[in-house]
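Below: one structure, written as structure tokens.
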Amino acid sequence: MLDKSAQEKSEGSSVRTFGPLSGFRIVEFAGIGPGPFACMMLADMGAEVVTLDRVGAKKSMKSVAGRGRKVVELDLKDKAAIAEVLELLANADALVEGFRPGVMERLGLGPDVVLARNPKLVYGRMTGWGQEGPLANAAGHDINYISITGALAAIGTKEAPVPPLNLVGDFGGGALYLVVGVLAALLEASRSGKGQVVDAAMCDGAASLMSFFFDMTTIGRWTEGRNQNFLDGGAHFYGVYECACGHFVSIGSIEPQFYALLREHAGLTDADFDAQMDRKAWPALKEKLKAVFKSKTREDWCKIMEGTDICFAPVLTMSEATEHPHMVARQVFVERHGVKQPAPAPRFSRTPSAVREPEAAEIGAVMKAWKAGR
């Protein structure tokens with residue numbers, strides 16, 4: 001929820017009164033992709049995040065990933081500005097940066113320098129390839145990071161891999177692992193009094209996300225190659241089907257009891273459907289099921305299957321998703337500055353997350369407020 005009443009003003013600084021991370025101070029070096037998304041999550045959960053951006057960079061109030069933190073503009077090539085940043089970091093709990101390896105060191109803001117000033121600081125680093133290795137200094141994007149992990153090769157059609165947006169590398173394997181790492185290091189620092197560097201690499205995270213499939217391969221339940229397995233589009237009971245209206249629905253009827261309900265509600269009386277787990281039968285059964293789903297509209301199938309244990313859902317666009325009754329009932333999306341966007345997640349019963357409006361700030365005022373709060 002967007003709740004401006006969830007904050008108080010004190011000595012020129014916003015004091016957060018919400019979220020499990022209330023009281024934690026994080027300095028973000030502006031970037032793109034996973035870094036800002038990670039800091040959005042940390043800010044949603046109550047941390048006071050200050051973003052250091054270049055002079056003249058005007059943050060859009062409509063930015064989803066940029067929500068919830070102060071923005072300070074400065075020139076990191078200016079030695080006086082670096083001195084101010086070091087003073088700010090001396091009173092911070094964590095730092096998040098997403099530059100190529102060596103950039104922060106060249107600026108005079110590397111871990112050795114910063115941790116000498118603030119030994120308890122958690123130093124979060126977000127890269128694609130990691131801080132070392134043959135590819136560490138090479139340019140890359142999500143599609144490249146998931147390519148070398150085995151993830152991209154397993155996703156797509158039989159003919160070719162299909163990039164799953166930039167969800168697996170940038171955000172799943174990158175931002176979320178950075179958040180987990182920073183939170184774990186903050187927890188450990190609260191006990192030891194010592195900070196450390198968190199090296200979050202998208203290729204590392206994407207590989208970690210493949211753990212389940214390495215398990216399945218080990219026990220002989222997964223075959224390399226797309227559209228040959230029960231979760232990659234190979235099975236007729238787990239996939240996406242086009243309807244008469246041109247829209248799509250998804251089914252995931254893996255368990256026998258769910259598959260039985262699929263057969264019942266879809267009228268699959270053909271005895272061939274008895275062979276649910278026969279991989280050789282899957283292609284033919286998929287063709288039969290295509291014809292069945294093509295016989296009705298998406299709306300028709302929703303009336304028949306939605307809410308049952310078939311494991312069914314309509315395939316919605318982003319704009320359609322914001323209007324779905326379940327998403328509306330749970331307030332999964334909120335509106336801010338006229339933009340529909342995902343609400344903070346996950347949810348906390350006692351210290352609920354919230355979205356605070358971002359604001360401009362002077363680095364001196366932030367330092368003064370942070371020092372006063374120590």
Side-chain angles (χ1 to χ4, degrees), residues 1-10 13-22 24 26 28 30-51 53 57-73 96 98 142 164-168 170-172 174-176 178-179 183 245 247-250 298-299 302 306-307 312-361:
M1 295 292 290
L2 299 179
D3 185 3
K4 289 187 179 181
S5 67
Q7 61 186 39
E8 300 172 356
K9 297 291 184 178
S10 172
S13 176
S14 296
V15 179
R16 292 180 178 274
T17 58
F18 59 83
L21 295 182
S22 179
F24 285 92
I26 298 173
E28 172 194 13
I32 59 173
F37 182 81
C39 287
M40 177 201 77
M41 292 189 67
L42 295 169
D44 285 350
M45 289 187 279
E48 185 176 359
V49 183
V50 174
T51 302
D53 209 342
K58 300 299 180 183
K59 287 291 184 181
S60 170
M61 293 296 285
K62 295 185 176 182
S63 170
V64 179
R67 71 191 185 194
R69 52 256 208 206
K70 293 183 178 73
V71 178
V72 173
E73 295 183 5
V96 171
D142 176 293
L165 300 182
N166 56 333
L167 298 174
V168 177
D170 279 351
F171 303 117
L176 294 184
L178 176 61
V179 169
L183 294 181
C245 56
H247 294 300
F248 291 81
V249 295
S250 65
R298 184 178 70 181
E299 184 179 358
C302 284
E306 198 165 24
F312 166 93
V315 177
L316 305 179
T317 63
M318 288 190 293
S319 59
E320 289 175 327
T322 65
E323 304 300 326
H324 189 278
H326 183 80
M327 309 300 262
V328 171
R330 284 186 56 80
Q331 296 180 300
V332 174
F333 296 95
V334 296
E335 187 167 322
R336 172 175 165 270
H337 296 291
V339 177
K340 282 281 184 74
Q341 56 193 270
R347 304 180 186 206
F348 301 89
S349 63
R350 185 172 55 81
T351 57
S353 296
V355 178
R356 188 184 69 172
E357 290 302 312
E359 54 190 85

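All values below were derived from every heavy atom in this structure, side-chain atoms included, with hydrogens, water molecules and symmetry-related copies excluded. Bear in mind the structure is a predicted one, so any value in this text is a computation, not a measurement.
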Report summary line: Taking every heavy atom of G68 against every heavy atom of A43, the minimum-distance pair comes out as O-CB, 3.5 Å

Query raised in the report: E306 versus P314: any side-chain heavy-atom pair under 4.5 Å?
Result: yes

Query raised in the report: Within the side chain of R347, is there an N or O that forms a donor-acceptor pair under 3.5 Å with the backbone of S353?
Result: no

**Report entry** Exercise: identify the closest heavy-atom pair between G31 and P36
**Finding:** O-CG, 3.3 Å

Requested in this report: For H337 and E357, test the side chains for any donor-to-acceptor distance below 3.5 angstrom and give the result as yes or no.
Outcome: yes

Query - Interatomic distance, L316 atom CG to S250 atom OG [nearest 0.5 angstrom] - result: 9.0 Å

Query - Side-chain heavy-atom pair H326, V332 within 4.5 angstrom cut-off - result: no

Query raised in the report: Thinking salt bridges, do E323 and K340 make one under a 4.0 Å N-O criterion?
Result: yes

Query - Heavy-atom closest pair, residues A343 and Q331 - result: CB-O, 3.6 Å

Query raised in the report: Is a side-chain N or O of T51 found less than 3.5 angstrom from the main chain of E28, in a donor-acceptor match?
Result: no

Query raised in the report: Can you check whether R67 reaches P344 side chain to side chain, under 4.5 Å on heavy atoms?
Result: yes

**Report entry** Rounded distance [0.5 Å steps], CG in D142 versus CG in L167
**Finding:** 8.0 Å

Requested in this report: Scan R356, R69, K70 and name whichever one has a salt bridge (charged side-chain N to carboxylate O under 4.0 Å, His left out) with E48.
Outcome: K70

Query raised in the report: Just wondering, do M41 and L176 contact through their side chains at under 4.5 Å, heavy atoms?
Result: yes

Query raised in the report: Taking all atoms of both residues into account, what is the closest heavy-atom pair of V72 and V50, and its distance?
Result: CG2-CG1, 3.7 Å

Query - Side-chain heavy-atom pair L183, L42 within 4.5 angstrom cut-off - result: yes

Query - salt bridge (charged side-chain N to carboxylate O under 4.0 Å, His left out) involving E320 - partner list, sequence neighbours excluded - result: R298

**Report entry** Shortest non-hydrogen contact from V179 toward M45
**Finding:** CG1-CE, 4.3 Å

Report summary line: Correct closest heavy-atom pair for V328 and T322 would be CG2-O, 3.5 Å

Query raised in the report: Do F18 and P352 have side chains that get closer than 4.5 Å, going by heavy atoms?
Result: no

